[in-house]
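What follows is a short report on a single structure.
Sequence positions, counted from 1, serve as the residue numbers for this chain.
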Amino acid sequence: MWSKDKIMTREALLPVVTDWKAQGQRVVFTNGCFDLLHLGHVDYLEKARHLGDRLVVGLNTDASVSCLKPGRPLQDEVSRARVLASLLFVDAVVLFDEQTPLTLIEALVPDILVKGDDYTISGIVGHQVVLQNGGQVLTVPLVAGYSTTRIVERIQAHLTP
């Protein structure tokens, strides 16, 4: 499968997720901006994937990112989606334009909802939807010292005379 074939609209993804579930596969969902993919992201996504059989990544659109993080994204949504979709352990990437992925989570109803351990379970958007449907909400440990903000700051420090 070509990586760009993993990038789906919400409407196209719904029957795929339904089929995976019908086959008894556990669908894991996580989300983020993934502006500059780094070791922290790769480690987090790989850990998330190992919690189930399929990994769906909800990706904030450019408009959504710019509302959350002024001056960002650094890379456009098509580029960010293609990079994520190229990872072998990512099964699908779906863009969402809202501030949070709640509507997407309500539509997909993943078996497992995952975020990094910088979140509390009650602070994870969509946790109630997943728990009410018999799913799990989990956090995975993050690799210390890795963030897009930190990378940008280091680049800026090197460029400043």
Looking at Leu55, is its backbone amide N or carbonyl O close enough to the side chain of Asp91 to form a donor-acceptor pair, meaning the two atoms are under 3.5 Å apart?
yes
Thr18 (side chain) donor-acceptor with Leu14 (main chain) under 3.5 angstrom:
yes
Met8 to Ala92 - nearest heavy-atom pair and separation
CE-CB, 4.2 Å
The reported gap from CG in Leu59 to SG in Cys33 (rounded to nearest 0.5 angstrom) is 7.5 Å
Is the backbone of Leu87 close enough, under 3.5 Å, to the side chain of Lys6 for a donor and an acceptor to pair up by distance?
yes
Is there a donor-acceptor contact under 3.5 Å from the side chain of Thr30 to the main chain of Val57?
no
Quick one: does any side-chain atom of Lys4 pair with a main-chain N or O of Arg82 as donor and acceptor, under 3.5 Å?
no
Please tabulate, for the side chains in residues 128-140, all donor-acceptor contacts under 3.5 angstrom to protein atoms that are two or more places apart in sequence or on a different chain.
from   : atom 1 : to     : atom 2 : distance (Å)
Asn133 : ND2    : Val129 : O      : 2.7

So, are Arg26 and Asp111 salt-bridged, with charged N and O less than 4.0 Å apart?
no
Calculate, to the nearest 0.5 Å, the distance between atoms CZ and CD1 belonging to Arg54 and Ile112 respectively.
14.0 Å
Please list every donor-acceptor pair under 3.5 Å in which a side-chain atom of residues 94-110 meets a protein atom from a residue at least two apart or in another chain.
from   : atom 1 : to     : atom 2 : distance (Å)
Asp97  : OD1    : Thr61  : OG1    : 2.4
Glu98  : OE1    : Arg10  : NH2    : 3.4
Thr100 : OG1    : Leu102 : N      : 3.4

How many angstroms lie between CD in Glu77 and CZ in Phe34, if you round to the nearest 0.5 Å?
15.0 Å
Name all residues meeting the side-chain hydrogen bond (donor to acceptor under 3.5 Å, both in side chains) criterion together with Asp62; count only those two or more places apart in sequence or in a different chain, and write none if there are none.
Arg80
Check for a donor-acceptor pair, side chain of Lys115 on one end and backbone N or O of Asn31 on the other, with a separation under 3.5 Å.
yes
Sorted by chain and number, sequence neighbours left out, side-chain hydrogen bond (donor to acceptor under 3.5 Å, both in side chains) with Asp19 holds for Gln23
Residues forming a side-chain hydrogen bond (donor to acceptor under 3.5 Å, both in side chains) with Asp117, sequence neighbours excluded:
none
Drop me the distance from Leu36's CG to Ser79's OG, to the nearest 0.5 angstrom.
11.0 Å
Going from NZ on Lys47 to CG on Leu51, what distance comes out if it is rounded to the nearest 0.5 angstrom?
10.5 Å
Sequence neighbours excluded, the answer for side-chain hydrogen bond (donor to acceptor under 3.5 Å, both in side chains) partners of Lys21 is none
